[in-house]
Amino acid sequence: MNLFAQFQTHISQMLIGLIGQGRLPTDLDLTRFVVEPPRDPSHGDLATNAAMVYAKEAKEGFGGPRQLASELAIMLAQSADVAEAEVAGPGFINIRLKTEVFARVVRAALTEKESFARPVAPSAEPINVEYVSANPTGPMHVGHGRGAVFGDALANLLAFAGYSVTREYYINDAGAQVDVLARSAFLRYREALGEAIGDIPEGLYPGDYLKPIGEALAKTHGRSLLDLSESQWMPKVRQFAIDGMMAMIREDLAALNISHDVFFSERSLTQGPDGSDLVGAVIEDLRQRGIIYKGRLPPPKGQLPDDWEDREQVLFKSTDFGDDIDRPLIKSDGGYTYFASDIAYHKSKIDRGFLNMIDVWGADHGGYVKRMQAAVKAVSGGQGHLDVKLCQMVKLMRDGEPVIMSKRAGTFVTLREVVDEVGVDAVRFMMLFRKNDATLEFDLAKVLEQSKDNPVFYVQYAYARGRSVLRQALGIFPDLDVSAQALAQAPLDRLTDEGELNLIKLVAQYPRQIEAAALAHEPHRVAFFIHEVASAFHSHWNKGKDMPQLRFVNEDDRLLTCARLALVESLTRVISSGLSLLGVSAPQEMR
RNA sequence: GGUCCCGUAGCUCAGCAGGAUAGAGCAGCGGUUUCCUAAACCGAAGGUCACAGGUUCGACUCCUGUCGGGACCGCCA
């Protein structure tokens, strides 16, 4: 039940009526105005800028925006839910709602369950969210974790908003890096067979995590691989190592309650089971359409790479689709560039029915956004849409001091270690308590504090406190029915305190916040909003210290208690709903 | 040299698809409270929204440029 959306529709209909009367132009864009909560509560419960937005269009039929505003206000004032509507400031229409509307909001929050916050008309449109996609060459680090949690929460949010979401992971199992992985694993294999391998040579992965892979290789193949040349053992060892790494990564993800629907192999693009080469096919397709050519690129300005050689190469005309420079598709060794594979990969998404795609990348890949979007445009005939969400770095801290991380010194902190140390809830919440494109400081000590400074605790505690209030009410009124259905019958018109009304208004805002977060692809908004709800709840709870008449449970007034419990229950539902979208648990108690 | 992101209170950050007097939390300042419903509470102060133009009835928000910080910059992933 989205009050704001209801009024948006309501006012749209009024405008359509005015168009029908010939007082507004027929081509009026009805999406331009908004209905929102006014910043200053004294302005009322809802405000709309409709009259100002259509100031120009209102000139002829109304002589100006103010007249349009006052006519709209008169119509609004006659609406069933409206207590008062008046024109204010430069032409806003401020609306004050009848108190029973708020009672209805609370009842809706109690009885509608999930659909309370779900947008009215779910589109069920397919959307593909690709996230994590960490190279299968080692354990995930904290930066991967941010993208993982972000992508997962975004997928939750979109699914909730009615999209048909596919969660996808792109396995980079085709580049030179996985060959290095294979060589590193082969060394560990020899080690497992008793060979003294000494220090790991430069250029190979030194991590201990490859030891089990080496041992497993020894177990599976015995000494048989030792006699083979690298080109002979490479395919076997490589796939074996990749599978091992992916299993490890999936475990790391599982520790964060993250799972994907599709794991898409880069290698499968060129080496499909039927021998197909999708990369070659997409290049051929683009060639026939004349957006591939052979040419030379200007050398990069500034510092020239040492091995720069000016040569002719196969280029994709990405400048035709908004990129700054055309991009090479074939490497000097004849292989496809990563970008070429990525074009085929996104083509595959489109072919699988996803015109809506979201990629979650690390900020260090920011330079690839334009070319990828250009490619999607080219490959989909302009039908596909790709949104790329870049996640900035995570700075790991402990008690305000940066945690020194160095792969070489062995002080590198893996994602798994962080999850094991502070728990899933803390990791997930903190990763989402910042805009994705802002760098994030993650303090390992702070997230375990049980204080108001720790937002994870603060929000979870608000939920637990809400549950606690219900338990305490049962202590005083043992026969009370505190089910949502029963509480929805409470005399909600008894909720008259300003603090209580403010809490209800927050509940009323929740559906709107969810919709906005889903639309903007910004799950952090959910985290901030439930933090705000928690804050308001704690604050009102604290008022009960000085003013016992405000306490939620009132021994002398059973009906009032019921009404307040209904409010508490609607609040805890908002908080737990938000937490579940973020993938954070809502504990019954925090003791 | 280019592209992208960021620049909001001392610090860490929000700011809702342009809206009314720019918000919160910490720190600092001044009080209250060792009470009870579970881990304090209240208040005041703190700002040239980096800067300069532009679009608009209206700009922290959109556009251009400048400055500052970060990331990236044929064929690596």
Side-chain angles (χ1 to χ4, degrees), chain A residues 31-32 34 36-40 43 47-49 52-53 55-56 64-65 88-92 94 133-135 137 172 174-178 266 296-303 305 307-311 313 315 323-342 362-371 388 390 392-393 433-435 437-441 443 449-453 455 457-458 461 464-465 468-469 471-473 509 512-513 515-517 519-520 522 524-525 528-529 531-532 535 539 541-546 548 551-553 589-591:
Chain A
T31 62
R32 266 165 60 206
V34 293
E36 58 190 356
R39 191 162 293 164
D40 183 344
H43 290 148
T48 181
N49 59 358
M52 288 184 289
V53 165
K56 272 186 194 146
F92 288 100
N94 290 333
S133 299
N135 288 336
T137 54
N172 299 123
Q177 293 205 3
V178 286
E266 180 187 0
R296 292 169 193 279
L297 285 178
K301 299 271 163 64
Q303 208 177 358
D307 55 348
W308 170 266
E309 75 180 284
D310 186 23
R311 66 179 186 83
Q313 47 191 346
L315 297 170
D323 199 2
D324 307 303
I325 198 165
D326 294 338
R327 306 290 177 178
L329 299 176
I330 309 284
K331 294 192 282 187
S332 53
D333 68 1
Y336 300 124
T337 60
Y338 185 82
F339 179 52
S341 298
D342 241 342
D364 54 341
H365 289 60
Y368 282 75
V369 175
K370 277 192 185 179
R371 79 188 66 170
V388 180
L390 299 177
Q392 273 289 354
M393 294 193 302
F433 201 57
R434 193 109 309 174
K435 233 175 358 185
D437 51 13
T439 54
L440 181 149
E441 281 190 13
D443 195 307
E449 272 176 27
Q450 298 208 337
S451 76
K452 198 186 164 171
D453 302 354
F457 171 79
Y458 194 61
Y461 176 44
R465 180 172 260 173
S468 170
V469 169
R471 285 193 296 271
Q472 281 173 22
Q509 268 198 60
R512 185 173 175 275
Q513 295 285 342
E515 190 175 20
L519 211 63
E522 288 181 350
H524 79 273
R525 292 191 194 189
F528 277 95
F529 182 71
H531 187 262
E532 188 184 338
S535 170
S539 169
W541 189 91
N542 279 320
K543 275 193 210 156
K545 285 185 178 180
D546 295 337
R551 295 182 180 186
F552 292 110
V553 180
E589 56 182 9
M590 303 289 283
R591 287 175 199 279

The residue, A/V369 or A/S539, whose nearest nucleotide of RNA chain B is more 5′ is A/V369
Sorted by position of nearest nucleotide on RNA chain B, 5' first, the leading residue of A/N542 and A/V469 is A/V469
Paired runs of 3 or more consecutive Watson-Crick or G-U pairs involving RNA chain B, with both pairing distances under 3.5 Å, are B:1-7 with B:67-73, B:10-13 with B:23-26, B:29-32 with B:40-43, B:50-54 with B:62-66
What's the gap between B/G15 and B/C62 when it is taken at their P atoms, as a whole Å value?
12 Å
Write down the distance separating the P atoms in B/C60 and B/U21, rounded off to the nearest Å.
11 Å
If you check every side-chain atom of A/Q472, which of B/A40, B/A38, B/U3 has the closest atom?
B/A38
If you only use heavy atoms from C-beta on, which nucleotide in B/A38, B/C4, B/G74 is closest to the side chain of A/Q313?
B/G74
Would you indicate what [X] reaches in the nucleic acid, counting non-hydrogen atoms under 4.0 angstrom: base, sugar-phosphate, or nothing?
| X | result |
| --- | --- |
| A/G544 | base |
| A/A363 | sugar-phosphate |
| A/K543 | nothing |
| A/F457 | base |

Tell me, with the steps shown, if A/V388 and A/V369 meet side-chain contact (heavy atoms from CB on, under 4.5 Å).
CA-CA 7 Å; A/V388 180; A/V369 175; 3.8 Å; yes
Indicate yes or no for a side-chain donor-acceptor contact from A/N135 to the backbone of A/T137 under 3.5 Å, with no hydrogens or angles considered.
no
Distance, nearest 0.5 Å, that separates [atom1] of [X] from [atom2] of [Y]:
| X | Y | atom1 | atom2 | answer |
| --- | --- | --- | --- | --- |
| A/L329 | A/Q313 | CG | CD | 9.0 Å |
| A/E522 | A/F528 | CD | CZ | 10.5 Å |
| A/F552 | A/S468 | CZ | OG | 11.5 Å |

Rounded off to whole Å, could you give me the NZ-to-C1' distance for the A/K545 and B/U32 pair?
12 Å
Does the ring center of A/H524 lie less than 6.0 Å from the ring center of A/F433?
no
Heavy-atom protein contacts under 4.0 Å, nucleotides 5-20 of chain B, coded B base, S sugar-phosphate only, - none:
SS-----SSSSBB-BB
For A/R327, salt bridge (Lys or Arg N to Asp or Glu O under 4.0 Å) partners two or more places apart:
A/D323
Quick one, A/K543 with A/R551, criterion side-chain contact (heavy atoms from CB on, under 4.5 Å). Give me CA distance, side-chain angles, the key distance, then yes/no.
CA-CA 8 Å; A/K543 275 193 210 156; A/R551 295 182 180 186; over 6 Å; no
Give the intermediate values and the outcome of side-chain contact (heavy atoms from CB on, under 4.5 Å) for residues A/F92 and A/H43.
CA-CA 10 Å; A/F92 288 100; A/H43 290 148; over 6 Å; no
